[in-house]
Amino acid sequence: MERTLRLARLATFAYFGLNGFLMGMWIVHIPVVEDRAGVSHAVLGWLLLLLGGGAFAGMQLTGPLADRFGARRVVPLSAALCSASLVLPGLAEGVWTLGAALLLFGAGNGCLDVSMNTHAVQVERGYRRPVMSAFHAVFSVGGVLAALVGARTLSWGWSAAATLAGMSVLGLVVAVLAAPALLRREPPERSRDSCSQTPETSETPAAGARNRRGTPARIWALAALALMLMLCEGVANDWSVLAMRDVLGAPAATAALAYGAFATAMTVGRLLTDRVVARFGPVAVVRYGALLAAFGLTAVVFSPWIPLALAGWTVFGVGLSGCVPQLFSAAGHADPDAAGANVSRVAGLGYLGMLAGPAVIGPLTHLVPLNVAFLLPVVLCVVAAGTAGILRTGPGKAAGKDGETGKTGKTGEGAPGRERAGAAGISGAAD
């Protein structure tokens with residue numbers, strides 16, 4: 001069983017890395033695709049909404065399918081769809097063909113995003129300790145690898161169509177080779193037994209039965225948290241470089257370091273978060289991580305110096321790094337029989353938040369300077385910190401002294417109780 005789990009974890013790493021790589025390859029080739037299709041920046045901005053719409057639709061479709069047929073079947077098919085559709089933008093020669101290509105690629109990305117996170121929850125349940133954040137870190141590593149590969153192929157003069165076609169084939173190979181290692185679907189009885197061992201992080205079977213007719217309110221609350229936190233992440237993706245250049249007058253090369261600092265901090269933070277969650281619990285990670293992010297972005301808002309702003313973006317990335325994986329984990333563990341649907345709700349609203357970043361900050365810049373507009377995500381981080389307790393449900397609410405240590409009414413023992421909660425309650429004594 002241990003070897004099976006280890007192989008399943010490696011396969012999940014492969015799919016997360018593949019997803020980050022495929023998205024990164026598209027991002028690197030956006031300027032080339034734009035020129036080939038003959039569209040303006042403004043038109044491309046509207047077409048990117050189709051990418052987001054396709055992703056959202058794919059997420060909502062795939063979640064229930066993963067619950068019905070098992071992530072073992074859905075993940076490889078989603079990875080194949082995402083890989084095969086990567087080549088389509090490179091072949092587009094006009095507005096309509098590019099729009100259709102982005103819609104399909106977005107759908108493939110959404111399907112893979114939800115299905116691989118659903119399987120990650122299943123792997124985490126098997127390990128009985130936090131492992132979710134490391135998967136998200138590998139997604140970021142996949143994006144970095146895509147940037148390096150894309151930069152090299154572009155320097156060689158390869159066309160977008162040829163490069164993306166080659167990466168599509170590579171993606172299909174990974175999708176097929178990693179599939180046999182995925183975990184089989186757990187029997188309902190086993191899933192319920194697993195839940196009963198960690199009451200503070202999962203709903204009881206009776207609660208699951210009551211909520212089967214609709215999405216529980218707690219899932220929507222987690223989704224709202226994901227929307228706020230991923231909007232903050234989107235702000236860093238879309239505006240960090242511009243803020244360094246326009247507000248502080250940094251040269252282009254120096255301004256680019258702002259996003260680099262943020263992305264690197266996010267990746268490193270996610271590699272370390274699982275151990276922090278096991279020690280302190282997910283509520284603490286989200287609460288203090290969001291507060292740390294608010295502190296870092298506040299430094300960016302008021303900084304008159306480039307080094308301090310770079311440090312602020314780094315702290316912002318460290319703070320946000322562990323938050324969203326904990327929301328996905330908590331949603332997936334809330335009801336193992338509806339893990340896919342619950343993850344799709346949280347991921348879907350979170351993705352909308354990511355897209356809303358530029359849409360919200362842009363209009364604000366007509367009223368206030370760009371750095372002052374960043375006070376909105378600062379407020380969202382503070383709100384997320386104040387509501388992080390939603391990750392803790394059931395008996396665990398009153399179990400610990402402050403509700404964040406992971407102590408349960410069953411253990412009633414200080415630190416040892418917390419350690420057992422962290423090892424067994426992957427979904428959640430805290431995240």
Side-chain angles (χ1 to χ4, degrees), residues 133 136-137 140 143-144 225-273 276-277 280 283-327 350 353-354 356-388 404:
S133 293
H136 286 254
S140 300
V144 173
L225 271 178
L227 186 149
M228 289 188 290
L229 290 170
M230 291 183 72
L231 185 149
C232 296
E233 185 176 339
V235 166
N237 293 340
D238 297 311
W239 296 103
S240 58
V241 176
L242 286 173
M244 290 288 290
R245 187 192 67 185
D246 297 346
V247 177
L248 297 179
T254 303
L257 294 177
Y259 175 72
F262 172 79
T264 301
M266 286 279 286
T267 302
V268 174
R270 284 176 170 173
L271 287 172
L272 301 175
T273 295
V276 179
V277 174
F280 298 103
V283 171
V285 167
V286 174
R287 177 164 294 157
Y288 298 112
L291 287 176
L292 184 63
F295 175 79
L297 193 54
T298 300
V300 172
V301 171
F302 295 105
S303 173
W305 305 297
I306 290 175
L308 179 58
L310 289 175
W313 286 116
T314 302
V315 172
F316 187 54
V318 171
L320 286 181
S321 62
C323 294
V324 172
Q326 310 315 312
L327 301 178
M354 181 83 75
V360 172
I361 297 297
L364 281 179
T365 59
H366 294 294
L367 304 174
V368 296
L370 178 56
N371 60 321
V372 177
F374 289 160
L375 288 175
L376 174 61
V378 168
V379 171
L380 293 179
C381 286
V382 173
V383 172
T387 56
E404 294 178 10

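Remember, predicted model here, so these are calculated numbers, not experimental data.
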Would you say the side chain of F280 lies within less than 4.5 Å of the side chain of V285, judging by non-hydrogen atoms?
-> no

Which value, rounded to the nearest 0.5 Å, describes the distance between T267 atom OG1 and L272 atom CG?
-> 11.0 Å

Dump the intermediate steps for side-chain contact (heavy atoms from CB on, under 4.5 Å) on I361 and L370, then the final yes or no.
-> CA-CA 8 Å; I361 297 297; L370 178 56; 3.7 Å; yes

What's the shortest heavy-atom distance between C323 and G319, and which atoms?
-> SG-O, 3.4 Å

For the residue pair N371 and D246, establish whether any side-chain heavy-atom pair is separated by less than 4.5 Å.
-> no

Looking only at heavy atoms, the pair that brings A384 and A290 closest together is CB-CB, 4.3 Å

Residues that V382 engages under side-chain contact (heavy atoms from CB on, under 4.5 Å), provided they are two or more places apart = A294

Approximate separation, where rounding is to 0.5 Å, of L320 CG and L292 CG = 9.0 Å

Is a side-chain N or O of R270 found less than 3.5 angstrom from the main chain of S321, in a donor-acceptor match?
-> yes

Flag side-chain contact, heavy atom, 4.5 Å: T273 against P325 | no

With rounding to the nearest 0.5 Å, note down the distance linking CG in L229 to CE in M354.
-> 10.5 Å

Separation between OG1 of T264 and CH2 of W313, rounded to the nearest 0.5 Å = 14.0 Å

Spacing of CD belonging to E233 relative to CZ belonging to F316, to within rounding of 0.5 Å | 8.5 Å

Table please: side-chain donor-acceptor pairs of residues 301-311 below 3.5 Å, with sequence neighbours left out.
| from | atom 1 | to | atom 2 | distance (Å) |
| --- | --- | --- | --- | --- |
| S303 | OG | W305 | N | 3.1 |
| S303 | OG | W305 | O | 2.7 |
| S303 | OG | A309 | N | 3.4 |

Note: A388 and V286 closest approach over all heavy atoms is CB-CG1, 3.8 Å

In short, A299 meets G312 closest at the heavy-atom pair CB-CA, 4.3 Å

Can you tell me how far the CG atom of L375 sits from the OG1 atom of T298, to the nearest 0.5 Å?
-> 7.0 Å

